[in-house]
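Read through the structure below, which is laid out as structure tokens, and then see the notes.
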Amino acid sequence: MSAPPLNVKAHVDFIAALDKKKNDYEYWLTEQAVLNGIYWGLTALFLLGAPDTLVREDVIQFVVDCWDSKTGGFAGNIGHDAHLLYTLSAIQILATYDALDRVDTDRVVEYVCSLQLPGGAFQGDRFGEVDSRFSFCALACLTLLGKQDSCDVPAAVDFVVRCKNFDGGFGSVPGAESHAGQVFCCVGALALTNSIDKHIDRDHLGWWLAERQLPNGGLNGRPEKLADVCYSWWCLSALTILDRLHWISAEPLSNFILNAQALEDDQYSRESANKLSGQALDDAQDHGGIADRPGDRPDVFHTLFGVAGLSLLKYPGLEPVDPLFCMPLKVTQRLGLAKEKY
Ligand code: FPP
Ligand code: ZN
């Protein structure tokens with residue numbers, strides 16, 4: 001299937017317009033996770049070659065205001081509870097803007113390490129949910145802060161390895177079914193700790209990941225599920241780390257992502273413009289952004305992972321992305337953390 005080219009300007013405008021949508025119902029639904037949204041938007045903007053779109057000082061100040069001085073972690077919005085998911089986003093945003101000196105990083109390190117349990121796993125916050133996602137968040141955060149050794153690394157690796165399944169994939173906890181999002185997290189955790197070859201059979205897991213490509217070119221996250229643009233990131237980043245990116249058919253996948261763009265003349269954009277009038281129409285950015293699949297409503301999460309997936313596929317004009325941190329490669333190179341081999 002053919003596809004339109006990447007509409008860089010529409011996606012930059014789409015992300016820039018999100019800030020104006022604070023009165024929308026959807027904004028309030030995601031209010032507790034604003035910091036994640038800023039990380040997704042900012043990273044997409046850097047990859048699209050438009051790093052100055054947001055006001056740097058305003059973003060940094062917002063991140064600083066989300067810091068919870070009681071725990072030392074970051075919340076998803078001002079006045080909310082700290083969580084590892086938001087703490088990683090905060091550190092990624094500050095690292096991207098070269099502004100890690102704006103927070104007390106020792107306290108952040110203490111917070112992250114305080115969430116490690118005796119068996120090596122990390123809980124996401126003080127309420128105790130355990131998930132291999134949190135192992136990745138903790139190790140990525142500590143690595144970005146140059147303090148990986150502050151936690152018990154062998155125990156952290158041991159927990160991740162216990163999440164590995166007979167099919168070569170990884171789940172959220174030991175015994176849970178393989179899921180490409182968790183594969184990204186577990187491969188990432190093992191790459192961060194230089195233990196890929198000790199614990200992963202690259203061909204076995206590469207096979208499971210390559211099996212995620214469907215006849216429409218897109219990738220799914222588990223057998224029998226629909227293709228979804230975000231898996232272009234979760235699967236491709238892991239395949240890149242495993243040096244098996246060529247096991248995917250690149251052109252059908254790029255076309256799947258490009259066809260999920262919301263463009264000016266498509267049905268989604270026409271319908272959303274028809275629902276608006278007057279000032280609302282003037283304020284709205286009724287196109288731009290990438291959806292989970294062609295024809296669906298775009299959002300900033302799938303916009304990042306579509307753009308980042310295309311970047312891994314070397315789509316012309318995009319900035320290179322670091323497959324391990326999902327950050328601009330230039331940033332991880334500046335921090336001395338970019339790897340040639342995993
Ligand atoms: C799918 O979720 C994705 C995951 C389980 C991985 C999430 C990874 C993190 C939070 C780590 C930080 C990520 C980055 C990029 C730095 P889903 O709930 O959408 O799954 P579903 O498709 O099965 O609903
Ligand atoms: Zn998705």
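Atoms within a ligand are numbered from 1 in the order they appear, just like the ligands themselves.
Contact atoms of ligand 1 toward C326: 15 (C) (distance under 4.0 Å to a heavy atom of the residue). Atom numbering of ligand 1 starts at 1 in the shown order; those under 4.0 Å from a heavy atom of L85 are 10 (C). Those atoms of ligand 1 with a heavy atom of Q92 less than 4.0 angstrom away are 16 (C). Ligand 1 places these atoms under 4.0 Å from at least one heavy atom of R222: 23 (O). In summary, the atoms of ligand 1 found under 4.0 Å from a heavy atom of Q182, numbered by their order in the structure, are 5 (C).
Rounded to the nearest 0.5 angstrom, H199 NE2 and C186 SG are separated by 12.0 Å.
For atom 6 (C) of ligand 1, the nearest non-hydrogen atom from the set G188, G181, G221 belongs to G181. The heavy atom nearest to atom 13 (C) of ligand 1, out of those in W40, F184, F305, is found in F184. Of the listed residues (F134, Y39, W234, Y231), the one carrying the non-hydrogen atom nearest atom 20 (O) of ligand 1 is Y231.
Contacts with ligand 1 closer than 4.0 Å are made by no heavy atom of C230, backbone or side chain. At a heavy-atom cutoff of 4.0 Å, ligand 1 is contacted by no atom of K225, backbone or side chain.
Using a 4.0 Å cut-off between charged side-chain N and carboxylate O, D98 and R334 make a salt bridge. With salt bridges taken as basic N to acidic carboxylate O contacts below 4.0 Å, one links R244 and D203. Using a cutoff of 4.0 Å between basic side-chain nitrogens and carboxylate oxygens, D322 and K330 are not scored as salt-bridged.
Counting heavy atoms from C-beta on, the side chains of D68 and H80 never come closer than 4.5 Å.
Using a distance-only test at 3.5 Å, with no hydrogens or angles considered, a donor-acceptor pair links the side chain of K339 to the main chain of A191. With S311 contributing its side chain and V321 its backbone, the two residues share a donor-acceptor pair below 3.5 Å. The main-chain N or O of L100 is never found under 3.5 Å from a side-chain atom of R102 such that the two would form a donor-acceptor pair.
Nearest heavy-atom pair, L115 versus R126, reported as atom, atom and distance to 0.1 Å: CD2-N, 4.2 Å.
Draw a line from the Zn ion (ligand 2) to SG of C230 and another to OD2 of D228, and the angle between them is 110° (to 10°).
Ring centroids of F184 and F136 are separated by less than 6.0 Å, placing the two rings close together.
Counting protein heavy atoms under 4.0 angstrom from atom 24 (O) of ligand 1 gives zero.
When only non-hydrogen protein atoms are considered, atom 11 (C) of ligand 1 lies nearest to F136 CD2, 3.8 Å. Closest protein heavy atom to atom 9 (C) of ligand 1: C185 SG, 4.0 Å.
Looking at H179 next to ligand 1, an N or O pair under 3.5 Å apart turns up.
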